[in-house]
Amino acid sequence: MTLRTTAEVIDRFNRAFTEHSAAVLTDLVGDDCVMETIQPAPDGARYQGRTACLEFWQALAEDRDVRFEPEEVVVAGDRATIRWRYHFGPGPADSVRGVNLMRVRDGLIVEALGYSKTGADVLPTTVEAELDR
């Protein structure tokens, strides 16, 4: 098996969200993945392990009521920074900007730390509601 580069992994990760293609995520997440969301403030929720991270990301990717827009991606070795805008409504004020700090090892995402430019009460809890079902 040929290992994917960090750039290839992050490109596929972003496409899963822009194309609402949750299945793409299945072979991108490491068993020991750790992910921190942007909410709740101040530290975000922490998900540990492949199953927990994959469940969260797949619910987000499948949600066709929102739109993820990568603005800039910078890759340096096993690390990547994704600057993004998350649209949760039709108007210009119905979005939030943020950044994910990612780490890839052996072609798999093992760390994803999310940060945003909002307070805890601004972003709808669509993903949390999906996971609580």
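Fair warning: this is a prediction, and the values are worked out from it, not measured in the lab. Basis for what follows: all heavy atoms, side chains included, without hydrogens, waters or symmetry-related copies.
- The salt bridge (charged side-chain N to carboxylate O under 4.0 Å, His left out) check on Asp27 picks up Arg4, Arg12, with sequence neighbours excluded.
- If you look at Phe56 and Tyr47, their ring centroids are closer than 6.0 Å.
- His87 places no side-chain N or O within 3.5 Å of a backbone atom of Ser95 that could act as its donor or acceptor partner.
- The side-chain heavy atoms of Thr26 and Gln58, taken from C-beta on, include a pair separated by under 4.5 Å.
- With sequence neighbours left out, Asp78 forms a salt bridge (charged side-chain N to carboxylate O under 4.0 Å, His left out) with no residue at all.
- What you find for Ala45 and Pro40 is that their closest heavy atoms are N-CD, 3.7 Å.
- Proximity of a side-chain donor or acceptor of Arg83 to a complementary backbone N or O of Arg97 within less than 3.5 Å is not detected.
- Ser21 places no side-chain N or O within 3.5 Å of a backbone atom of Ala23 that could act as its donor or acceptor partner.
- Remark: Arg105 engages Asp32 in a salt bridge, criterion side-chain N to carboxylate O under 4.0 Å.
- Taking hydrophobic clusters as Ile, Leu, Val, Met, Phe, Trp and Tyr residues chained together by side-chain heavy-atom distances below 4.5 Å, Val110 does not share a cluster with Val104.
- What you find for Glu62 and His20 is that their closest heavy atoms are C-ND1, 4.4 Å.
- Evaluation of the salt bridge (charged side-chain N to carboxylate O under 4.0 Å, His left out) rule for Glu36 yields Arg46 as partners, not counting sequence neighbours.
- A ring-centre distance under 6.0 Å is not found for Trp84 and Phe17.
- With sequence neighbours excluded, the residues that form a salt bridge (charged side-chain N to carboxylate O under 4.0 Å, His left out) with Glu69 are Arg67.
- Between the Glu8 side chain and the Thr5 main chain, a donor and an acceptor come within less than 3.5 Å of each other.
- In the hydrophobic clustering of this structure, Val73 groups with Phe13; members are Ile, Leu, Val, Met, Phe, Trp, Tyr whose side-chain heavy atoms approach within less than 4.5 Å, directly or through other members.
- Between Asp65 and Phe88 the shortest side-chain heavy-atom distance does not fall below 4.5 Å.
- For Val99, the side-chain contact (heavy atoms from CB on, under 4.5 Å) partners two or more places apart in sequence, or in a different chain, are Thr81, Leu101, Tyr115.
- Side-chain atoms of Trp57 and Cys33, non-hydrogen and from C-beta on, do get closer than 4.5 Å to each other.
- Partners of Ala80 by side-chain contact (heavy atoms from CB on, under 4.5 Å), not counting sequence neighbours, listed by chain and number: Thr6, Ile10, Val75, Met102.
- Within the 4.5 Å cutoff, the side chain of Glu111 has no heavy atoms near those of the Met35 side chain.
- Linking ILVMFWY residues whenever their side-chain heavy atoms come closer than 4.5 Å, directly or via other members, places Phe68 and Val29 in the same cluster.
- Remark: the backbone N or O of Gly91 is paired with a side-chain donor or acceptor of Asp94 at under 3.5 angstrom.
- The line from CG of Asp31 to CD of Gln48 is 13.5 Å long, rounded to the nearest 0.5 Å.
- In this structure, Ser116 contributes its side chain and Ile38 its backbone to no donor-acceptor pair below 3.5 Å.
- Between Ile109 and Val9, the closest side-chain pair of non-hydrogen atoms falls below 4.5 Å.
- A continuous path of Ile, Leu, Val, Met, Phe, Trp and Tyr side chains, each step under 4.5 Å between heavy atoms, connects Ile82 with Val24, placing both in one hydrophobic cluster.
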